[in-house]
Structures are given as C-alpha cells and as structure tokens.
Amino acid sequence: EPEVTQTPSHQVTQMGQEVILRCVPISNHLYFYWYRQILGQKVEFLVSFYNNEISEKSEIFDDQFSVERPDGSNFTLKIRSTKLEDSAMYFCASSVSSGIETQYFGPGTRLLVL
Amino acid sequence: GDSVTQMEGPVTLSEEAFLTINCTYTATGYPSLFWYVQYPGEGLQLLLKATKADDKGSNKGFEATYRKETTSFHLEKGSVQVSDSAVYFCALSDPGGNEKLTFGTGTRLTIIP
C-alpha cells in the first residue's frame, strides 16, 4: 500500500540554524500539507500546497517557514532560523483532492531545537 | 473558528471492555468528521470518517455516528483488544473551501490484558 514517507525521523539543531524537513507524498496525490504537534498539545495545521503554490496557511506559518516541491516527488518544509518553540513533531500529509478526501499522513519528524 | 473538543485522557481499560471516546465539534458549515489513530512510533492513520449528518463511519470494529443535533462524533468499540492501544484523534474538515484538518487534543488509550 502506498504511504507517505518523511526524513529524517529525528533532528536536533541549534537555535538559529536552518532545518529542512523532507516528505515524499503518495505519487498520484495533488494536495500536500504540513502539520505540527508540540509535545502534549493539539495537532495544528501549518500549510497546504497545491499546483506549486500555497493554498492556505495558518498564523503559525510566518516568514520563517517556507515550503517547496523541488521535483516531482519531494515536498519540503524549511524553517529558516529555528527557535526553541519550534520543537515539535512535524507531520506531512497528502490527498488526492481537497475537502472531504482523506489525508494520508507520514510518520513524522521529531525536531528538537536546543 | 472551527474547533474540536475531545475527551481527556489517558484512558485505561481491560481487554474486552466497551470503549467510548467523546468528541464534540464547533464549525460554521457542515464539516466532514474523522477519527485518526496513531500507533506507537507511527504516523496518523485514518480510522473512519463520516461526511454528512446521521452517517456512521466504521472500521476494525470501531464506529462513530455524525450527530448534527448534538454536534458530536463519539468513537465506540464493543470489545477492545490490547492491539487497540494507541492515541486517537478526532478531527474535522470544513468543506467550505478550506482544506485543513482541525484536530482535537488526542486521547491515549491503553488496554491491559
């Protein structure tokens, strides 16, 4: 069964450093998402991406964040200058279309900012 | 805005016990409702969904009914197994043009033999 994959599974970085989280969505999916979950808190929406552009973003997704689909398979989330409060589990998801269609999630990348 | 309120955890049950995890929502339109499950070390997996009022989603012995009058989508299972131990997330998707999922806090379920 096709699945969403994410790398790395864990990342430790120093405050102020740039990190890139990588995702490979399911191959025939057209909509891509990033969510995050700070330890002990809700899973929060960050951004959705369709047709090579951001279709919606939350207030969390400020200028420090960017997303990119650099080729036909990868979908990346970049945090330009990490802060302590960026420490969280980051989930990538993809779906065939938007709305009621199921979003399929990857296993997550646990980011720790020191 | 949209929100999901989920039963606080953790929940610990004995094997073969009856399970209910409560979920209520607030939304401006008529959302689709989902239950996702996260097994240890894995990502979120869709467990079941319902897209309109009175729909019942079911999978792996779990059920949830979309109740518009009480804005609820409670998860139930008649007889839980040790393998059901996981974190369960209730979520909604507003079909009014937004694509994002809004999640509840998650409920950690532990089943003891």
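From a predicted model like this one, the values you see are computed outputs, not experimental measurements. Quick note: numbers below take in every heavy atom, side chains included, and nothing from hydrogens, waters or symmetry partners. Naming: A, B, ... by sequence-line order, numbering from 1 per chain.
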#### Entry: A:Ser48 OG to B:Lys100 NZ distance, which is reported to the nearest 0.5 Å
9.5 Å

### Query
Quick one: what part of B:Leu101 sits under 4.5 Å from any heavy atom of chain A, side chain, backbone, both or neither?
both

### Query
Within a reach of under 6.0 Å around CD of B:Gln81, are more than 12 heavy atoms found that belong to other residues, nucleotides or ligands?
yes

### Query
Quick one: do the B:Lys49 and A:Thr102 side chains pair a donor with an acceptor below 3.5 Å?
yes

### Query
Under the ring-ring contact (aromatic ring centres under 6.0 Å, His included) criterion, do B:Phe103 and A:Phe45 qualify, and how do the steps go?
CA-CA 9 Å; B:Phe103 284 88; A:Phe45 168 79; over 10 Å; no

### Message
Looking at every heavy atom in both B:Leu44 and A:Phe105, which two are closest together, and how far apart are they?
### Response
O-CB, 3.3 Å

### Message
Does any backbone or side-chain atom of B:Gln38 lie under 4.5 Å from a heavy atom of chain A? Answer side chain, backbone, both or neither.
### Response
side chain

### Task
Indicate the atoms forming the closest heavy-atom contact of B:Val4 with A:Lys42, along with that distance.
O-NZ, 3.3 Å

### Query
Take atom CG in A:Leu114; do more than 12 heavy atoms of anything else shown fall under 6.0 Å from it?
yes

### Message
With a 4.5 angstrom heavy-atom cut-off, is it the side chain or the backbone of A:Glu3 that approaches chain B, or both, or neither?
### Response
neither

### Query
If you draw a 6.0 Å radius around CZ in A:Arg80, do more than 12 non-hydrogen atoms from other residues or ligands fall strictly inside?
yes

## Note on the structure
The interface call for A:Tyr50 against chain B, heavy-atom contacts under 4.5 Å, is neither

